[in-house]
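Here's the structure we're looking at; comments come further down.
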Amino acid sequence: MGKHLIVGASGQLGIELMLGLQARYGAENVVLSDVRPCPHPDAALSTFVTADATDLDAQRALMEGNDIDVVYNLVAMLSAKGESHPMAAWGLNMNPLLHTLELAREGKVKRVFWPSSIAVFGSEAPKNGTPQDAALVPTTVYGVSKTAGELWCKYYHDKFGVDVRSIRYPGLIGYRSMPGGGTTDYAVDAFHCAAAGKALTCYLAHDERLPMMSMSDAVRGTLELMEAPSAHVQVRTSYNLHGCDFTPAELTTAIRRHVPDFEVVYAPDHRQAIAESWPNRLDDHSARRDWGWQPEHDVEGLVQHVLEGLAQPIHG
Ligand code: AKB
């Protein structure tokens, strides 16, 4: 494979994926693109192109001008924010994906990654051990766009042979970058509050269980999926992937083993209803079978990993 392009490189996952791709393939083989500058200092090691992901011509020029083979299109408006801006969320979550799929169909790139989410599931899916092929009846605009996007990915694969691959991410928890507008963000906030000696006001109920994953597991899983031989990638909608799962109360207990004074105040808001419609735990046997997925971090491991990362001087 030649160069790897991240579209949406300045966001929570983009920064982490940038570091993963730079370490794996060399910074000179990574191209970054966003409408905002990337705040991580290592972005300066790779080419950065300011380009609008909603503009097809700008995306074509980006891919043609930089000898791109693989695209990671991460552009999205997350679940909670999307409910306040439904049409903007639909446009942002669909148009950049369709542009990337069209450019792949034209042969401009060889392989595409696009993130889906546990938000594709609604209350009609079993909550514990949610199967890969459970009913997709999402309750948010974000979930609707991810469900539609998954079907577009499969359509472009089946009809035009586009090698597009996808993961249904749970809540992603890292220490280098902040999420924005999601329902699972409380867990990232919890770590930052604990590290800063502040109390967390948690907008979910104490017993709301959600699937979560460390950023390091998410980035490794993504790269493993992208490196798998094409014939092994049997799921062309999006793979369920499970890391660990916990409630806010369980996370608080785990953080208190390291930060005994950490305090949480519960004030559930509209995000509680979104969380309630999502799975507790996913069945990810298809990913394990097809390309060998194995998470590294359980809850304890994740808590230790993130708190150690936050204690580093520049959260490197
Ligand atoms: C969100 O909370 O919206 C995201 C997601 C689970 O996709 N983190």
Side-chain angles (χ1 to χ4, degrees), residues 8 11-17 72-86 88-90 92-94 96-97 113-123 125 127 130 134 136-150 153 166-192 200 202-205 208-219 221-222 237-248 251 268-282 284 295 302 306:
Q12 183 204 15
L13 178 57
I15 293 169
E16 299 271 359
L17 192 59
Y72 297 79
N73 182 338
L74 309 181
V75 176
M77 188 184 296
L78 298 184
S79 55
K81 187 170 178 194
E83 291 308 281
S84 306
H85 309 280
W90 176 255
L92 192 67
N93 294 350
M94 296 311 303
L97 167 65
F113 178 82
W114 179 75
S116 186
S117 162
I118 56 169
V120 295
F121 298 113
S123 35
K127 280 183 103 57
T130 309
L136 305 184
V137 189
T139 60
T140 59
V141 174
Y142 175 66
V144 171
S145 66
K146 289 297 181 188
T147 303
E150 287 191 8
C153 289
S166 176
I167 287 173
R168 290 172 179 155
Y169 289 124
L172 300 182
I173 304 176
Y175 52 85
R176 296 187 181 96
S177 55
M178 293 301 285
T183 301
T184 59
D185 297 2
Y186 89 86
V188 181
D189 294 341
F191 285 100
H192 283 266
L200 169 73
C202 180
Y203 54 75
L204 297 187
E208 183 52 56
R209 181 173 300 282
L210 286 171
M212 301 280 183
M213 185 179 289
S214 72
M215 268 296 183
S216 76
D217 272 350
V219 168
T222 304
T237 49
S238 188
Y239 279 99
N240 278 10
L241 220 61
H242 194 71
C244 57
D245 54 272
F246 51 75
T247 66
L251 178 63
D269 67 14
H270 60 282
R271 288 167 278 194
Q272 173 61 23
I274 298 177
E276 270 172 29
S277 75
W278 288 355
N280 296 340
R281 186 164 35 81
L282 301 183
D284 61 6
L302 181 148
V306 175

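Start at 1 and go down the list; that is how both ligands and their atoms are numbered. Residue numbers run from 1 in the order of the sequence given.
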**Request:** Begin with the C-alpha distance, continue with both residues' side-chain angles, and end with the deciding distance and a verdict on side chain to side chain contact (heavy atoms under 4.5 Å, CB included) for F113 and I167.
**Result:** CA-CA 8 Å; F113 178 82; I167 287 173; 4.1 Å; yes
Logged contact type for L172 with ligand 1, heavy-atom cut-off 4.0 Å, is neither
Checklist entry - Is it true that atom NZ of K127 has more than 12 heavy atoms of other residues, nucleotides or ligands lying nearer than 6.0 Å? => result yes
Note: ligand 1 atoms sitting under 4.0 Å from heavy atoms of Y142 are 3 (O), 5 (C), 7 (O)
When D284, N240, T130 are each screened for side-chain hydrogen bond (donor to acceptor under 3.5 Å, both in side chains) with R168, the one that passes is N240
Atom 2 (O) of ligand 1 sits nearest the protein heavy atom T183 N, 2.7 Å
The atoms of ligand 1 lying under 4.0 Å from a heavy atom of I118, numbered in the order shown, are 6 (C)
Are any of the N or O atoms of W278 closer than 3.5 Å to those of ligand 1? no
Under 3.5 Å, which donor-acceptor pairs do the side chains of residues 209-219 form with other protein atoms, sequence neighbours left out?
residue: R209; atom: NH1; partner: D245; partner atom: OD2; Å: 2.9
residue: R209; atom: NH1; partner: E250; partner atom: OE1; Å: 3.1
residue: R209; atom: NH2; partner: E250; partner atom: OE1; Å: 3.2
residue: R209; atom: NH2; partner: E250; partner atom: OE2; Å: 2.7
residue: S214; atom: OG; partner: S216; partner atom: OG; Å: 3.4
residue: S214; atom: OG; partner: D217; partner atom: N; Å: 3.1
residue: S214; atom: OG; partner: H297; partner atom: ND1; Å: 2.8
residue: D217; atom: OD1; partner: R220; partner atom: NH2; Å: 2.9
residue: D217; atom: OD1; partner: E296; partner atom: N; Å: 3.0
residue: D217; atom: OD2; partner: E296; partner atom: N; Å: 2.9
residue: D217; atom: OD2; partner: H297; partner atom: N; Å: 3.0

Ranking G171, A187, S117 by closest non-hydrogen atom to atom 5 (C) of ligand 1, top hit is S117
Flag the pair W278 / T183 as yes when at least one side-chain heavy-atom distance between them is below 4.5 Å, and no otherwise.
yes
Smallest heavy-atom separation, Q272 atom then L204 atom, equals OE1-CA, 3.5 Å
Within 4.0 Å of some non-hydrogen atom of G182, the atoms of ligand 1 are 1 (C), 2 (O), 3 (O)
Counting from 1 in the order shown, the ligand 1 atoms closer than 4.0 Å to a non-hydrogen atom of S79 are 1 (C), 2 (O), 3 (O)
*Report yes if some N/O of T184 lies less than 3.5 Å from some N/O of ligand 1; otherwise report no.*
yes
